[in-house]
> 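What follows is a structure written as structure tokens; I'll ask about it next.
Since the structure is predicted, the reported quantities are computational estimates derived from the model, not experimental observations.
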Amino acid sequence: MKMSRPKKTLERVLTGTADANITFLEMCGLLLSLGFTERVRGSHHIFTHEAVAEILNLQSKGAKAKPYQVKQVREIIVAYGFVVNDDIIDFEVEPSDE
């Protein structure tokens, strides 16, 4: 079975060994496939998700994503429990005690 590009990118982001080698387009594609919405203001690509409190503000460094921003995306993916279910990228949010 062939793995989708967002799934490959998600695996690369989660391993944390290729932060400097993720392209900006791959990072944007991953976030969009995870259900984030994108707004562009100049060189800033602002990503929001209804289940995520934080806002991700990304800028490219040439064709690459900035390594510290890849780390921020990884922290959000892990904190909110985004997971890969077969070929579908989805998320599972723990119910709050409120």
Side-chain angles (χ1 to χ4, degrees):
M1 178 188 285
K2 188 174 179 183
M3 193 181 311
S4 68
R5 180 171 289 267
K7 189 171 178 180
K8 285 181 185 177
T9 303
L10 178 62
E11 289 182 359
R12 290 176 56 213
V13 168
L14 290 176
T15 63
T17 58
D19 288 0
N21 292 317
I22 307 275
T23 69
F24 186 72
L25 289 177
E26 287 175 324
M27 182 62 59
C28 292
L30 171 62
L31 290 171
L32 291 172
S33 72
L34 290 171
F36 283 81
T37 56
E38 178 182 22
R39 189 181 73 202
V40 180
R41 301 211 19 116
S43 63
H44 295 261
H45 292 251
I46 301 156
F47 291 88
T48 57
H49 193 289
E50 63 184 19
V52 177
E54 295 85 356
I55 294 171
L56 292 167
N57 183 355
L58 305 182
Q59 291 177 282
S60 66
K61 182 178 181 182
K64 302 287 185 180
K66 294 181 179 181
Y68 80 91
Q69 292 175 343
V70 174
K71 182 180 177 188
Q72 288 175 340
V73 169
R74 179 174 43 255
E75 289 170 353
I76 295 294
I77 289 170
V78 171
Y80 286 88
F82 285 91
V83 294
V84 176
N85 294 320
D86 298 325
D87 285 339
I88 301 168
I89 298 177
D90 202 357
F91 70 99
E92 296 172 353
V93 177
E94 294 290 325
S96 65
D97 292 346
E98 295 178 20

> Check side chain to side chain donor-acceptor pair (under 3.5 Å) between Thr23 and all other residues, then give those that pass, not counting sequence neighbours.
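Only Glu26 meet the side chain to side chain donor-acceptor pair (under 3.5 Å) criterion with Thr23.
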> Report the residues that fulfil side chain to side chain donor-acceptor pair (under 3.5 Å) with Gln72, sequence neighbours left out, ordered by chain and then residue number.
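Scan of Gln72 (side chain to side chain donor-acceptor pair (under 3.5 Å), adjacent residues dropped) gives none.
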> Under a single-linkage definition using a 4.5 Å side-chain heavy-atom cutoff for Ile, Leu, Val, Met, Phe, Trp and Tyr, are Val78 and Leu58 assigned to the same hydrophobic cluster?
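Linked, Val78 and Leu58 end up in one cluster.
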> Considering all heavy atoms of both residues, which atom of Tyr80 and which atom of Ala51 are nearest to each other, and what is their separation?
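It is CE2-O, 3.2 Å.
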> Let me confirm one number: the CG-OG1 distance from Leu10 to Thr15, rounded to the nearest 0.5 Å.
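If we round to the nearest 0.5 Å, Leu10:CG and Thr15:OG1 are 10.0 Å apart.
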> Is there a side-chain contact between Ile22 and Val73 (heavy atoms, below 4.5 Å)?
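Ile22 vs Val73: side chains apart.
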> Side-chain contact, heavy-atom cut-off 4.5 Å: Arg74 with Asp19?
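When only atoms from C-beta onward are counted, Asp19 and Arg74 do touch, with a gap below 4.5 Å.
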> Give the table of side-chain donor-acceptor pairs shorter than 3.5 Å for residues 62-71, with sequence neighbours excluded, one pair per line with atom names and distance.
unit_1: Gln69; atom_1: OE1; unit_2: Gln59; atom_2: N; d: 3.1
unit_1: Gln69; atom_1: NE2; unit_2: Asn57; atom_2: O; d: 3.3

> Please identify each residue that fulfils side-chain contact (heavy atoms from CB on, under 4.5 Å) with Thr48, with sequence neighbours left out.
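Thr48: side-chain contact (heavy atoms from CB on, under 4.5 Å) contacts with Thr37, Ile55.
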> Is the closest side-chain heavy-atom distance between Phe82 and Val52 below 4.5 Å?
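The answer is yes; the side chains approach within 4.5 Å.
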> So if you build clusters from Ile, Leu, Val, Met, Phe, Trp, Tyr with side-chain heavy-atom gaps below 4.5 Å, do Leu30 and Leu14 land together?
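They do share one cluster, since a chain of ILVMFWY contacts under 4.5 Å joins Leu30 to Leu14.
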> Measuring from Leu31:CG to Ile76:CD1, what's the distance to the nearest 0.5 Å?
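Nearest 0.5 Å value for the CG-CD1 distance: 10.0 Å.
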> How would you list, by chain and number, every residue that makes a side-chain contact (heavy atoms from CB on, under 4.5 Å) with Glu38, sequence neighbours excluded?
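Listed in chain order: Cys28, Leu32, Val40, His45, Phe47.
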> A side-chain contact here means heavy atoms from C-beta on lying under 4.5 Å apart; do Arg12 and Asn21 qualify?
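Arg12 reaches Asn21 side chain to side chain.
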> When you look at Met27 and Val13, which way does the side-chain contact (heavy atoms from CB on, under 4.5 Å) test go after all the steps?
CA-CA 9 Å; Met27 182 62 59; Val13 168; 3.9 Å; yes
